[in-house]
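Report on the structure given below.
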Amino acid sequence: MALTKIEASNIAAGAVPSTGFTSVQVFTAASTWTRPTDITKVIIEVQGGGAGGARDATGTEQIGGSAGGYAKKLLDVSSITTSTITIGAAGAGATGNNTAGADGGDSSWADGTNTISGLKGVGGNTSNTRTVGGLGTGGDINIQGGSGGVA
C-alpha cells in the first residue's frame with residue numbers, strides 16, 4: 001500500500017525550533033489535507049504504489065514488478081489552505097501462468113502550486129525483461145523505485 005506522510009510544525013520563518021514537529025498524519029487513502037491554523041511548515045513524504053509480479057508460461061518463474069518512486073519535501077504552507085492527497089494502490093500479482101502483473105498507482109500531494117509525487121511501479125512481464133521503477137518528483141529528495149524482473 002502506498003502512503004503519504006505529513007509532519008507539521010508551527011516554526012516561524014528563520015526561527016530555531018524549541019521542539020520537534022507537532023503532529024504526524026499518514027494517509028493510506030485519497031483525502032484532502034486542510035492546514036491547521038497554527039501550522040506553517042510541513043515535511044511531505046510520498047510513496048508510489050509498487051507493481052505486481054508476473055508468472056512465466058509454465059508457472060515455474062515469478063517475475064517481480066518494480067517499486068514505486070519516493071519523494072520528500074520541506075514545504076512552507078503559510079499560504080496554502082488545502083491539498084489533494086492521492087494514494088496509489090499496489091499492483092496485483094499474476095493469478096495464472098503466462099500473465100503479467102498489474103502496475104501500481106501514482107501517489108501525490110497537489111496544492112495548486114506544488115505537486116510532490118511518487119510514481120507507480122511497472123508490473124512484471126512474461127518476457128522476463130526488467131521493468132523500470134517509478135520516479136519520485138517535486139521533492140527536495142526524489143528516489144526512483146527499484147527495478148523489477150528476473151535477477
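Bear in mind the structure is a predicted one, so any value in this text is a computation, not a measurement. Positions are given from 1 along the sequence.
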Practice prompt. Keeping the roles fixed (side chain from Asn142, backbone from Gly139), state whether a donor-acceptor pair exists under 3.5 Å.
Written response: yes
Worksheet item: For the atom pair CD1 (Ile44) and CD (Gln25), what is the distance rounded to the nearest 0.5 Å?
Response: 11.0 Å
Discussion item. If you compare all heavy atoms of Lys41 against all heavy atoms of Leu74, which two are closest, and at what distance to 0.1 Å?
Written reply: CB-CD1, 4.4 Å
Practice prompt. Give a yes or no on whether the backbone of Val122 and the side-chain of Ser66 come within a donor-acceptor separation of less than 3.5 Å.
Written response: yes
Discussion item. Assigning hydrophobic clusters by single linkage (Ile, Leu, Val, Met, Phe, Trp, Tyr; side-chain heavy-atom cutoff under 4.5 Å), is Leu135 placed with Val46?
Written reply: no
Practice prompt. Using atom types as modelled and distance alone, determine if a side-chain donor or acceptor of Gln47 lies under 3.5 Å from a backbone N or O of Ser107.
Written response: no
Item to complete: Kindly indicate whether the side chain of Asp140, heavy atoms from C-beta on, has any atom under 4.5 Å from the side chain of Lys72.
Response: no
Discussion item. What's the separation between atom OH in Tyr70 and atom OG in Ser117, rounded to the nearest 0.5 Å?
Written reply: 14.0 Å
Discussion item. Using only atom types and a distance under 3.5 Å, with no angle test, would you say the side chain of Glu61 pairs donor to acceptor with the backbone of Asp56?
Written reply: no
Worksheet item: If you measure from CD1 on Ile116 to CG on Leu75, what distance do you get to the nearest 0.5 Å?
Response: 5.5 Å
Item to complete: Could you grab the distance from atom CD1 of Ile39 to atom OG1 of Thr34, nearest 0.5 Å is fine?
Response: 12.5 Å
Item to complete: List the atom of Arg55, the atom of Ala94, and the distance in Å for their closest heavy-atom pair.
Response: N-CB, 3.8 Å
Practice prompt. Look only at the side chain of Gln62 and the backbone of Gly59, and say whether a donor-acceptor pair between them is shorter than 3.5 Å.
Written response: yes
Item to complete: For the residue pair Asn114 and Ile80, establish whether any side-chain heavy-atom pair is separated by less than 4.5 Å.
Response: yes
Item to complete: State, yes or no, whether a side-chain contact exists between Trp109 and Thr115 at a heavy-atom distance under 4.5 Å.
Response: no
Worksheet item: Do Arg35 side-chain atoms and Val77 backbone N/O form a donor-acceptor pair below 3.5 Å?
Response: yes
Worksheet item: How far does CG of Asp111 sit from CD1 of Ile85, to the nearest 0.5 angstrom?
Response: 9.0 Å
Discussion item. Between Ser147 (side chain only) and Arg130 (backbone N and O only), is there a donor and an acceptor less than 3.5 Å apart?
Written reply: no
Worksheet item: Between the main-chain N or O of Gly88 and the side-chain N or O of Asp106, is there a donor-acceptor pair closer than 3.5 Å?
Response: no
Item to complete: Kindly compute the distance separating OG1 (Thr99) from CG (Asn125), expressed to the nearest 0.5 Å.
Response: 12.0 Å
Discussion item. Side-chain heavy atoms nearer than 4.5 Å, only ILVMFWY residues, links allowed to pass through others: does that put Val42 and Ile87 together?
Written reply: yes
Discussion item. I need the minimum non-hydrogen distance between Ala54 and Thr126, along with the two atoms involved.
Written reply: CB-N, 4.3 Å
Worksheet entry | Exercise: identify the closest heavy-atom pair between Gly65 and Thr131 | C-OG1, 4.1 Å
